[in-house]
Amino acid sequence: MLWVKAFHIIFMVTWFSGLFYLPRLFVYHAETKDEISHARFKIMERKLYFGIMTPGAILTLFFGFWLLKYNLAYYMHQPWMHAKLLLVAFLAIYHLYLGKLLFDFRYDKNTHSHVFYRWLNEVPTLALVGIVVLVIVKP
């Protein structure tokens with residue numbers, strides 16, 4: 001079980017690195033004016049989303065559900081686990097929304113300013129704080 005937990009944490013860190021960095025790339029992409037920079041950001045965003053974030057998300061969920069399986073009856077009766085799973089579901093939706101925004105940039109259909117992306121960049125921080133407090137403190 002400790003190996004499963006270790007891989008869950010490793011891939012969670014991988015996933016979160018992308019959840020933190022992709023909106024930051026969107027900030028800079030929304031501010032750029034020249035075509036070379038637009039093209040560079042499109043490549044960086046695509047590689048981050050499909051090469052790092054999405055595999056990280058899938059493997060985080062895989063190992064997380066594997067951990068749940070070890071003592072499913074216990075975890076499903078713990079309110080903190082319900083809250084954690086709700087936050088994880090929210091993050092999965094957030095991840096997909098970032099993918100939608102990525103395609104907006106890809107096809108030059110972005111309608112948001114850099115300020116929007118600066119605020120959007122804070123969302124995973126709140127979820128991470130909530131998840132860590134729930135898992136460690138188990139209120």
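Taking CZ of Arg24 as the reference point, atom OH of Tyr21 lies at 10.0 Å (rounded to 0.5 Å). Atom CG in Leu102 sits 9.5 Å away from atom OH in Tyr107 (nearest 0.5 Å). Atom NZ in Lys42 sits 11.5 Å away from atom CZ in Arg46 (nearest 0.5 Å). With rounding to the nearest 0.5 Å, the separation of CE in Met81 from OH in Tyr74 is 8.5 Å. Atom CZ of Arg40 sits about 14.0 Å away from atom OH of Tyr28, to the nearest 0.5 Å. Annotation: the span from Leu86 atom CG to His82 atom NE2 amounts to 10.5 Å, rounded to 0.5 Å.
Smallest separation of non-hydrogen atoms from Pro23 and Leu19: CD-O, 3.1 Å. The two atoms that bring Glu45 and His29 nearest to each other are OE2-ND1, 2.7 Å, heavy atoms only. Across every non-hydrogen atom of His8 and Gly64, the tightest pair is ND1-N, 3.2 Å. The two residues Phe16 and Leu91 come nearest to each other via the heavy atoms CZ-CD1, 3.3 Å. Annotation for Ala30 and Ser113: closest pair CB-C, 4.2 Å, computed over non-hydrogen atoms. Of all heavy-atom pairs between Leu98 and Met53, the closest is CD1-CE, 3.9 Å.
Residue pairs meeting the salt bridge (Lys or Arg N to Asp or Glu O under 4.0 Å) criterion with at least one partner in residues 52-75, sequence neighbours excluded, are absent. Screening residues 11-20 for side chain to side chain donor-acceptor pair (under 3.5 Å), with sequence neighbours left out, gives Trp15-His95. Note on residues 89-107: pairs passing salt bridge (Lys or Arg N to Asp or Glu O under 4.0 Å), not counting sequence neighbours, are Lys100-Asp104. Residues in residues 117-139 take part in these ring-ring contact (aromatic ring centres under 6.0 Å, His included) pairs, two or more places apart or across chains: Phe26-Tyr117, Phe105-Tyr117, His112-Tyr117.
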Less than 3.5 Å apart, which donor and acceptor atoms pair up between the side chains of residues 121-139 and the rest of the protein, not counting sequence neighbours?
{"from": "Lys138", "atom 1": "NZ", "to": "Val135", "atom 2": "O", "distance (Å)": "2.6"}

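Hydrophobic clustering, defined by side-chain heavy atoms of Ile, Leu, Val, Met, Phe, Trp and Tyr closer than 4.5 Å, groups Met1 together with Trp3, Val4, Phe7, Ile10, Phe11, Leu59, Phe62, Phe63, Trp66, Leu67, Tyr70.
By the rule that hydrophobic residues join a cluster once side-chain heavy atoms approach within less than 4.5 Å of another member, Ile58 and Val13 end up as members of separate clusters.
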Given Lys47 and Ile52, is the side-chain contact (heavy atoms from CB on, under 4.5 Å) satisfied, shown in steps? CA-CA 7 Å; Lys47 287 183 176 185; Ile52 296 171; over 6 Å; no
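Classification of the Phe103-Phe50 ring pair by plane angle, with boundaries at 30° and 60°, yields perpendicular.
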